[in-house]
Amino acid sequence: MDRIRIRGGRPLEGTIPISGAKNATLPLMAAALLSDGPLVLRNAPDLADIATMGSLLEQHGLAVEHDRVARSLTLSGNATNLEAPYDLVRKMRASVLVLGPLVARHGRARVSLPGGCAIGTRPVDIHLKGLEQMGAEITLDAGYIEAAAPRGLKGARILFPQVSVGATENLLMAACLAEGETQLINAAREPEIEDLARCLIAMGAQIEGVGTDRLVVEGVGSLGAATHGIVPDRIEAGTYACAAAITGGSVLLQGARAEHLGAVARTLREAGVEVEAVGEDLRITRRDGLQGVDVMTEPFPGFATDMQAQFMALMAVAEGAAMVTETIFENRFMHVPELNRMGARINVHGASAIVRGVPRLSGAPVMATDLRASVSLILAGLAAEGETIVNRVYHLDRGYERVEAKLAAVGADIERLPA
Ligand code: EPZ
């Protein structure tokens, strides 16, 4: 398994291009199941998860072409196989996003239950209850979701018991081809949802309330072809903002948008980091000391749970203390023991972690456990004295395109060590 070696202590200076958002690309690819296309997605990131979703859609019967030079994905054709198998779904939970489109377009689907992952049990009950409200019959059989709506889906008024990004995406896609009006109330407002809604509208869907927590969809008979530019990855941008901050440097994030960082921008400023829009880009600078700031993860526009591990690494070298509270997932502190091995002083109490800042971290061999935990170890390594080796970097490759190249280009001493 590949490892990444970092020698810390260099302030980052320069420009980092931000790729298209992983968590927008995945539902956008699933949306291709709603029409025979072609659906052309521009600014597509080159990531392991995107390849996995491509393989899943190909086994459903779609043609998927990923032009890595043009950075575009072209999806066309129709699903002929309505089953999403366990061996693909277990690799990437976002596979469950094929469920809504398949039932809406073909009246049936058999999708493996995604199962949990390192950060939590990750149920899909909200997805299933919403489809049942739209008239689908859902049964669970041998670890698979069997969904049937032979007479098609009907619009419904769906109130989400809690904000769910995936359930909002699944049901938004299903509602586009349902008969009549669907209301999605307490819908997630992440920028990736707005991006999906804009693409669906380009395909012919009728959606009101884009960007709000109440989406109203008038079903249509069919959807057609479209070309859509994928929104920049706000979590990648936030991650590299923390890299600039933790090394005391100044980095221009090409294509990053302050409004998509939500509370992350405000919290970085409170910690003493300059976050400044420059044209279409974002400049992140940290010259003076870092202050400890409390954060609590919340749905957008609150502080993103996908930024929690990265921010904790930053707080590990801040002055004073920071309370970090994770409200979205039940087990998203696996980076803590690894950061503590690098000299951080972090204590976990249930859903909260107290981070007491230290003047300096020390490089060490550490283990990546999930996507965002692994990148928080990279950030810690950038600031640490000495050498850090991050093992199991396949977690990293799921969500960060060419991470060592992007960081080396702004002065980091970082390289990938082949297995
Ligand atoms: C999406 O996951 C993202 N993944 C996650 O990013 C992100 O952390 C999460 O949203 C929250 O922002 C993709 O977009 C591919 P949820 P998702 O449904 O849709 C509970 C990353 O690092 N819940 O908003 O699975 C759930 O257990 C990944 O890029 C139910 O109880 O998240 C969680 O506690 C990690 N029942 C909370 O809701 C359901 O049916 C939020 O989950 C669905 C969710």
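All ligand and atom numbering here is 1-based and tracks the order in the structure.
Regarding atom 43 (C) of ligand 1, its nearest protein heavy-atom neighbour is Pro123 O, 3.3 Å. For atom 41 (C) of ligand 1, the closest non-hydrogen atom of the protein is Ile328 CG2, 3.7 Å. Scanning all protein heavy atoms for the shortest distance to atom 32 (O) of ligand 1 gives Phe329 CZ, 4.1 Å. When only non-hydrogen protein atoms are considered, atom 3 (C) of ligand 1 lies nearest to Asn23 ND2, 3.7 Å.
Taking the side chain as every heavy atom from C-beta outward, Leu177 and Leu153 never approach each other to under 4.5 Å. Counting only heavy atoms from C-beta outward, the side chains of Ser19 and Glu236 approach each other to under 4.5 Å. Within the 4.5 Å cutoff, side-chain heavy atoms of His228 are placed close to those of Leu28. With a 4.5 Å cut-off on side-chain heavy atoms, Leu172 and Val217 count as touching.
Heavy atoms of Glu192 found under 4.0 angstrom from ligand 1: none, in either backbone or side chain. Under 4.0 angstrom from ligand 1, there are no non-hydrogen atoms of Glu236. Heavy atoms of Ile235 found under 4.0 angstrom from ligand 1: none, in either backbone or side chain. Both the backbone and the side chain of Val165 come within contact range of ligand 1, each with a heavy atom under 4.0 Å. Using a 4.0 Å cut-off between heavy atoms, Ser164 contacts ligand 1 through both its backbone and its side chain.
Among Asp306, Val375, Thr168, the residue whose heavy atom sits closest to atom 6 (O) of ligand 1 is Asp306. The closest non-hydrogen atom to atom 20 (C) of ligand 1, taken over Gln162, Glu190, Gln308, Met92, comes from Gln162.
Between Thr297 and Thr305, the side chains place no donor N or O within less than 3.5 Å of an acceptor N or O (distance only, hydrogens not considered).
Outside the 6.0 Å centre-distance limit, the rings of Tyr86 and Tyr144 are not counted as a close aromatic pair.
By the 4.0 Å N-to-carboxylate-O rule, Arg234 lies close enough to Glu192 to be salt-bridged with it.
Between Thr305 and ligand 1, no N or O atom pair is found at a separation short of 3.5 Å.
Among His66, Arg68, Arg71, the one residue that satisfies the side chain to side chain donor-acceptor pair (under 3.5 Å) test with Asp46 is Arg68. Among Arg341, His335, Met334, Glu338, the single residue meeting the side-chain contact (heavy atoms from CB on, under 4.5 Å) criterion with Met367 is Glu338.
For Glu330, the heavy-atom gap to ligand 1 stays at 4.0 angstrom or more. Taking 4.0 Å as the cut-off, Met307 does not count as a neighbour of ligand 1 on heavy-atom distance. For Gly399, the closest heavy-atom approach to ligand 1 does not fall below 4.0 Å.
Between Met29 atom CE and Thr52 atom OG1 the span is 9.0 Å, to the nearest 0.5 Å.
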